[in-house]
Asks: 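Take this structure first; my questions come after.
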Amino acid sequence: MKKKLIAGNWKMNGSLAANESLVRALLAGMGGAGCTVAVCVPAPYLVQLQALCAGSALELGAQDVSQHEQGAFTGEVSAAMLKEFGVRYAIVGHSERRQYNGESDALVAEKAKAALAHGVTPIVCVGETLAQREAGKTEEVVKRQLAAVIHSNGHCISEIVVAYEPIWAIGTGKTATPEQAQQVHAVLRAQLKAATAHSQRVAILYGGSMNSANAASLLAQADIDGGLVGGAALKAPDFLQIIAAARQAPAA
Ligand code: PEP
């Protein structure tokens with residue numbers, strides 16, 4: 001049985017003062033979590049978060065990682081650097097990076113590989129646009145995105161986390177219904193099953209306007225192992241309610 005995983009994606013938000021009060025409120029409200037909880041924060045705040053989270057159940061994550069080991073790659077942050085700051089997770093292939101930074105499936109796969117090589121768990125984001133959904137291409141798109149990561153990572157694939165994030169649901173307040181999400185999660189699970197004997201180890205998170213009102217019904221689905229949470233992760237009461245829903249959800 002694996003615990004649910006709730007990961008907050010702070011995106012480009014925060015300040016030293018705001019981070020401190022948010023994290024203190026989370027630590028005070030989380031209790032013995034009963035699920036795994038992480039916050040993926042902007043890179044400059046990793047040192048602050050490492051100190052704030054020390055000795056707690058709150059895990060640290062990054063929002064991206066370089067595919068390179070080291071060298072002349074101005075502005076990039078390597079997996080080895082993240083590891084030095086106690087980072088356990090790194091989001092790769094978030095739709096905002098695919099869209100604004102032109103990240104391809106192949107690049108996302110290389111980033112996942114670099115993270116795994118340093119013991120950082122990549123949270124691999126996949127998801128379709130509204131136009132792709134309406135054209136009946138959801139399955140094809142998410143399978144193509146995940147296939148690239150499976151292809152480059154071979155037997156290590158059971159060590160990744162996958163996040164299904166329909167792009168039309170991110171930051172829009174429109175959430176996939178639990179049935180819509182479960183349908184795609186089942187497709188991803190089957191794809192993982194064909195790639196590894198340990199597919200059940202892989203957590204498949206749902207992301208896209210998850211909030212305190214819809215978390216329980218999403219997390220009750222058979223193949224939804226947790227959530228990747230944007231906006232609601234910036235408000236302690238909302239994030240804590242999602243954590244509480246994960247704690248009460250049936251374990252897979
Ligand atoms: C995200 O950015 O990964 C996300 C899911 O955002 P939101 O929860 O705000 O839709």
Side-chain angles (χ1 to χ4, degrees), residues 4-14 18-19 22 26 35-43 45 49 59-65 87-101 103 108 111-112 115 120-130 132-133 138 141-142 145-146 149 160-178 180-182 184-185 188 203-219 221 223-246 249:
K4 300 276 189 210
L5 166 60
I6 301 296
N9 173 14
W10 288 5
K11 311 196 191 204
M12 199 172 73
N13 293 293
N19 302 345
L22 176 53
L26 293 179
C35 62
T36 306
V37 183
V39 283
C40 300
V41 307
Y45 295 131
L49 266 286
E59 301 281 356
L60 195 48
Q63 297 174 12
D64 185 32
V65 63
V87 167
R88 177 162 170 199
Y89 299 100
I91 297 172
V92 296
H94 191 280
S95 59
E96 288 153 13
R97 293 203 62 84
R98 290 182 191 259
Q99 185 183 350
Y100 304 134
N101 299 72
E103 295 195 359
V108 172
K111 289 184 172 205
V120 174
T121 301
I123 300 178
V124 177
C125 298
V126 299
E128 81 287 5
T129 63
L130 186 58
Q132 288 165 334
R133 172 163 283 267
T138 300
V141 169
V142 298
Q145 291 171 329
L146 183 57
V149 179
I160 72 168
V161 168
V162 176
Y164 168 55
E165 298 209 306
I167 296 171
W168 47 272
I170 296 180
T172 58
K174 282 188 205 145
T175 316
T177 64
Q180 281 174 322
Q182 167 57 28
V184 180
H185 280 233
L188 296 169
I204 309 179
L205 313 183
Y206 169 79
S209 298
M210 184 181 267
N211 58 38
S212 52
N214 60 31
S217 54
L218 286 160
L219 293 168
Q221 301 301 309
D223 291 299
I224 301 189
D225 303 314
L228 182 56
V229 184
L234 296 171
K235 297 175 215 133
D238 295 31
F239 199 52
L240 286 169
Q241 282 184 48
I242 295 172
I243 294 166

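In each ligand, atom 1 is the first atom listed, and ligand 1 is the first ligand listed. The structure presented is a predicted model; accordingly, all values stated were derived computationally and were not measured.
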Asks: When you measure from atom 8 (O) of ligand 1 to every protein heavy atom, which one gives the shortest distance, and what is it?
Replies: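 Ranked first by proximity to atom 8 (O) of ligand 1 is G230 N, 2.8 Å.
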Asks: Would T172 count as a polar contact of ligand 1, with the cut-off being nitrogen or oxygen pairs under 3.5 Å?
Replies: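 In this structure, T172 places no N or O atom under 3.5 Å from an N or O of ligand 1.
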Asks: Using modelled atom types only, decide if a donor and an acceptor are shared between the side chain of E128 and the backbone of V142 within a distance under 3.5 Å.
Replies: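 No; judged by distance alone, with no hydrogens or angles, the pair does not exist.
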Asks: Less than 3.5 Å between some nitrogen or oxygen of G171 and one of ligand 1, yes or no?
Replies: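 Between G171 and ligand 1 (N or O atoms, distance only) the closest approach is under 3.5 Å.
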Asks: Once you restrict to heavy atoms under 4.0 Å, what part of A169 touches ligand 1? Side chain, backbone, both or neither.
Replies: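 For A169, the contact with ligand 1 is made by the backbone alone.
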Asks: Nearest protein heavy atom to atom 5 (C) of ligand 1, by residue and atom, and its distance?
Replies: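 Result: E165 OE2, 3.1 Å.
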Asks: Within the distance-only criterion (no hydrogens, no angle test), does the side chain of D225 pair as donor or acceptor with the backbone N or O of I204 below 3.5 angstrom?
Replies: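 A pair under 3.5 Å: yes.
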Asks: What residues form a salt bridge (charged side-chain N to carboxylate O under 4.0 Å, His left out) with E96, not counting sequence neighbours?
Replies: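 So E96 forms a salt bridge (charged side-chain N to carboxylate O under 4.0 Å, His left out) with K11.
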Asks: I want to know if ligand 1 touches G207 in the polar sense, i.e. an N/O pair below 3.5 angstrom.
Replies: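 No, no N or O pair falls under 3.5 Å.
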Asks: Using a strict cut-off of 4.0 Å, indicate which atoms of ligand 1 neighbour a heavy atom of N9.
Replies: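 Those qualifying, in numeric order: 1 (C), 2 (O), 3 (O).
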Asks: For D238, does its backbone N or O pair with a side-chain atom of S212 as donor and acceptor, under 3.5 Å?
Replies: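 Checked: no pair found.
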Asks: Nearest protein heavy atom to atom 1 (C) of ligand 1, by residue and atom, and its distance?
Replies: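 Result for atom 1 (C) of ligand 1: H94 NE2, 3.3 Å.
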Asks: Check V108, I160, V161, V162 against P122 for a side chain to side chain contact (heavy atoms under 4.5 Å, CB included) and give me the one that passes.
Replies: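 Passing option: I160.
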Asks: Which of the atoms of ligand 1 are close to G208, meaning less than 4.0 Å from one of its heavy atoms?
Replies: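 The list of qualifying atoms is 5 (C), 10 (O).
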Asks: Determine whether a donor-acceptor pair (N or O, by modelled atom type, separation under 3.5 Å) exists between the side chain of Q63 and the backbone of C40.
Replies: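 Looks like yes, one N/O pair under 3.5 Å.
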Asks: For ligand 1, which atoms sit closer than 4.0 Å to a heavy atom of S209?
Replies: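 Close to S209: 7 (P), 8 (O), 10 (O).
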Asks: Heavy atoms only: which of C125, A232, G231 is nearest to atom 9 (O) of ligand 1?
Replies: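 The nearest heavy atom belongs to G231.
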Asks: K11 versus ligand 1: do any nitrogen or oxygen atoms come within less than 3.5 Å of each other?
Replies: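 For ligand 1, there is an N or O atom that lies under 3.5 Å from one belonging to K11.
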Asks: Please check: side-chain N/O of Y164 versus main-chain N/O of L188, any donor-acceptor pairing under 3.5 Å?
Replies: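 Judged by distance alone, no pair lies under 3.5 Å.
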Asks: Is the backbone N or O of L219 less than 3.5 Å from a side-chain atom of K4, with the two atoms forming a donor-acceptor pair by type?
Replies: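 Yes; judged by distance alone, with no hydrogens or angles, the pair exists.
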